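Since we're looking at a predicted model, the values are computed, not measured. Each chain gets a letter, A, B and so on, in the order the sequences are listed, and its residues count up from 1.
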2 protein chains.
Amino acid sequence: MSEDASDTTEGRLLQAAVGLFASQGFAATRVRQVCDQAEANVAAVNYHFRSKRGLYDAAIDHARAASVERSPWVALDANRNFWAHDEPEVRLHRFVSMMLDHALDEHGRPSELARILIHEMLDPTEAFERQVDVSIRRVFEALADICRQVRKAAAGRAPRSAAERQAIDAVVFLIGGQCMYPALVAGLPDPLYPGVSFDADGRVALADRITASALAQLQAVDAAPQTKRKTKPNT
Amino acid sequence: MSEDASDTTEGRLLQAAVGLFASQGFAATRVRQVCDQAEANVAAVNYHFRSKRGLYDAAIDHARAASVERSPWVALDANRNFWAHDEPEVRLHRFVSMMLDHALDEHGRPSELARILIHEMLDPTEAFERQVDVSIRRVFEALADICRQVRKAAAGRAPRSAAERQAIDAVVFLIGGQCMYPALVAGLPDPLYPGVSFDADGRVALADRITASALAQLQAVDAAPQTKRKTKPNT
DNA sequence: TTGACTTTAAAACGATCGTATGAAATGATT
DNA sequence: AATCATTTCATACGATCGTTTTAAAGTCAA
């Protein structure tokens, strides 16, 4: 029925573990619960993964591999020139679509990887520094890179002021929030935003809006140095 | 040292419970852990709050009361005409600031209420429908109301098309994501966005940007019915 | 000081936690 | 058929879970 080796005990354990860790986090998930859902014996976890923590690490790797398989990060590191022929705005739009693809699964519900990630952000375990933190930062550095390229293409020169860096960070924050937020609200029992859908079609419209907002904010950097109030007027 | 009745056992239990439930969620938090942190006996929880779940409910109420005390929701229901003299754009900006005040605490770190809320969204307990869900929806309905007022003031008439409702929902989603996202990333050990700060000053700049993006998106509804691609081109 | 009531303390309850053990079942290779 | 490594199973270990019990300590009016 599934894509993974779900006919083996190890595969079924991984599949059940990913789902349970995603909803409940590491500490609240019980080993026996995973084994019941995987129709495996209680000792199977320690046999195949050494310990509960070993299962957790394997589950994170499994979830990330599945996520990357669905939507490969073609823009990271080595193959950064993969789409170098496109203009920066198009690159940004594709990158936003990728982030949404990693935050949501194929049914428009929060992806298991994103939910594990949120649990780790709320209450970091040992897996945070080792597996989670670095992968997050690689994504956001690549995103900031694209934003800088948009800026460089829009303005004449590559700027280096502190205000410029802050502006880039603000746009990255805008995009990151808009792409991570669906991983929270798309799982609610009844939708919080009936007009916003997270399936394949709605995701395209969402990526359009996010990209448009980001581009507008990137262009507004030098257009109006301070929009309304820059900092507090007094003390 | 603190504001609450932290000299009583009940107050210290509540204070410790709010913090621990916020980081670890209900299931992963141990009663003995709360009692240790509150310097109370293990039986104190069941004496003062009947059970662990009773402590959880009381902790949610306590966190919400503290949050409302810091930043009252002057825009909900009854006193909706509290700031009716202001133009809708200003009302929107103030509401966004309020949402940020409830997502972050006075030190610019994720508020305990918001973190409990995120835990409930990832893995709802019995407290979700009873305490969490309704309060979320009241906030977002008030926000949608303000957005509709902005639309009505910008365009000539109050519109009722389905596309209009979707556009309002999209803006509410934009604002909600930008206001909730800080509750996730402001707690990271080292900042993900060095150029974005969540203290009192940075929060004003953040509210400015969020409001500006929302207003731009609200004005773009009738300006360009479809921006780039409305839905998928084929099949 | 007495007596009634509220709050804290120590200890232990059964249940469940993650993990370990050793034997049975399974499968591939002689 | 016999051997051996791999996998699954029932079972149980010590620790810890939420909760209860029972008694001691504190509080305050009469």
Side-chain angles (χ1 to χ4, degrees), chain A residues 2 4-62 116 119-120 123-128 130, chain B residues 2 4-62 116 119-120 123-128 130:
Chain A
S2 181
D4 197 16
S6 64
D7 49 341
T8 72
T9 302
E10 187 172 335
R12 278 181 283 115
L13 280 175
L14 264 180
Q15 207 161 326
V18 168
L20 289 170
F21 284 139
S23 348
Q24 314 178 129
F26 175 76
T29 297
R30 314 272 91 124
V31 170
R32 281 174 171 82
Q33 195 181 4
V34 178
C35 293
D36 287 350
Q37 187 164 316
E39 300 185 76
N41 190 269
V42 214
V45 162
N46 293 292
Y47 176 77
H48 288 283
F49 303 96
R50 274 183 39 91
S51 66
K52 180 187 177 184
R53 172 131 265 131
L55 174 64
Y56 186 57
D57 294 341
I60 292 181
D61 289 339
H62 183 75
I116 292 179
H119 274 292
E120 286 288 334
D123 186 32
T125 71
E126 301 167 8
F128 183 74
R130 191 169 61 254
Chain B
S2 182
D4 197 16
S6 64
D7 49 341
T8 73
T9 302
E10 187 173 336
R12 279 181 282 114
L13 280 175
L14 264 180
Q15 206 162 326
V18 168
L20 289 171
F21 284 139
S23 334
Q24 314 178 122
F26 175 76
T29 297
R30 314 273 90 127
V31 170
R32 281 174 171 82
Q33 194 180 4
V34 177
C35 293
D36 287 350
Q37 186 165 318
E39 300 184 77
N41 191 269
V42 215
V45 162
N46 293 294
Y47 175 76
H48 287 283
F49 303 97
R50 273 183 41 89
S51 66
K52 181 187 176 184
R53 174 133 263 129
L55 174 63
Y56 186 58
D57 294 340
I60 293 182
D61 289 339
H62 183 75
I116 292 179
H119 274 292
E120 285 289 333
D123 186 31
T125 70
E126 301 168 8
F128 182 74
R130 190 167 63 254

Checklist entry - So what does B:Ala43 touch, heavy atoms closer than 4.0 Å: a base, only the sugar-phosphate, or nothing? => result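 Base, at least one base atom sits under 4.0 Å.
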Nucleotide [N], atom [atom2] - distance to [atom1] of [X] in whole Å:
{"X": "B:Asp36", "N": "C:dA9", "atom1": "CG", "atom2": "C1'", "answer": "14 Å"}
{"X": "B:Arg53", "N": "D:dT19", "atom1": "CZ", "atom2": "C1'", "answer": "15 Å"}
{"X": "B:Asn41", "N": "D:dT21", "atom1": "CG", "atom2": "P", "answer": "16 Å"}
{"X": "B:Phe49", "N": "D:dG18", "atom1": "CZ", "atom2": "P", "answer": "15 Å"}
{"X": "A:Asp7", "N": "D:dT8", "atom1": "CG", "atom2": "C1'", "answer": "16 Å"}
{"X": "B:Leu55", "N": "D:dT19", "atom1": "CG", "atom2": "C1'", "answer": "14 Å"}
{"X": "B:Tyr47", "N": "D:dT20", "atom1": "OH", "atom2": "P", "answer": "15 Å"}
{"X": "B:Tyr56", "N": "D:dG18", "atom1": "OH", "atom2": "P", "answer": "14 Å"}

Next on the checklist: Quick test of your reading: applying side chain to side chain donor-acceptor pair (under 3.5 Å), list the pairs with at least one residue in residues 33-42 of chain B, sequence neighbours left out, ordered by first then second residue.
Outcome noted: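 Only B:Gln24-B:Gln33 qualify under side chain to side chain donor-acceptor pair (under 3.5 Å).
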Checklist entry - Would you say B:His48 reaches C:dT8's phosphate, i.e. side-chain N/O to OP1/OP2 under 4.0 Å? => result yes
Next on the checklist: Can you see if the side chain of B:Thr9 gets near the phosphate of C:dT8 - specifically, an N or O under 4.0 Å from OP1 or OP2?
Outcome noted: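 For C:dT8, OP1 or OP2 has a side-chain N or O of B:Thr9 closer than 4.0 Å.
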Is any side-chain heavy atom of [X] closer than 4.5 Å to a side-chain heavy atom of [Y]?
{"X": "A:Thr125", "Y": "A:Arg53", "value": "yes"}
{"X": "B:Asp123", "Y": "B:His119", "value": "no"}
{"X": "B:Tyr56", "Y": "B:Ile116", "value": "yes"}

Next on the checklist: Whether the side chain of A:Thr29 engages the backbone of A:Leu20 through a donor-acceptor N/O pair (distance < 3.5 Å, no angle test) should be reported.
Outcome noted: yes
Item to check | Sidechain-backbone polar pair: B:Lys52 side chain, B:Val45 backbone, donor-acceptor under 3.5 Å | outcome: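 No, B:Lys52 side chain to B:Val45 backbone: no donor-acceptor pair under 3.5 Å.
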Checklist entry - Rounded to the nearest 0.5 Å, how far apart are CG of B:Asp57 and CZ of B:Arg130? => result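 Atom-to-atom, B:Asp57:CG and B:Arg130:CZ are 4.5 Å apart.
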Next on the checklist: I'd like to compare against my own output: the B/S/- annotation of nucleotides 12-18 of chain C with a strict under-4.0 Å heavy-atom distance to protein.
Outcome noted: B----BB
